[in-house]
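Okay, structure first, notes after.
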Amino acid sequence: MADDNNSKEHVTIVETDGGGGSGGVLAVVLLVIVVLVLLFLFRDQLGFGADKTDINIPDKIEVNVN
């Protein structure tokens, strides 16, 4: 015959840090995305997206050999 009066209670305690760890990572990722979008939008004013590149090639090169 089983003894039902000898049951034991088990309690598990789980400590968390409040769940704020992922919020900081998300904020940094969003900040980087916003900065990249702003750089893309204002690339002309910042000098990154010039429409025309001027390359000057001389007509002749003088070489003196002594």
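We're numbering straight along the sequence, starting at 1.
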In this structure, CG of Leu38 is separated from CG of Leu46 (nearest 0.5 Å) by 10.0 Å
The reported gap from CG in Asp54 to CG in Asn56 (rounded to nearest 0.5 angstrom) is 6.5 Å
With Val32 as partner, the option from Leu30, Val34, Leu36 fulfilling side chain to side chain contact (heavy atoms under 4.5 Å, CB included) is Leu36
Rounding to 0.5 Å, atoms NZ (Lys8) and NE2 (His10) come to a distance of 7.0 Å
Quick one, Ile33 and Val35 - any side-chain contact, counting heavy atoms below 4.5 Å? no
Is there a chain of hydrophobic side chains (I, L, V, M, F, W, Y, each step under 4.5 Å between heavy atoms) that links Val37 to Leu31?
no
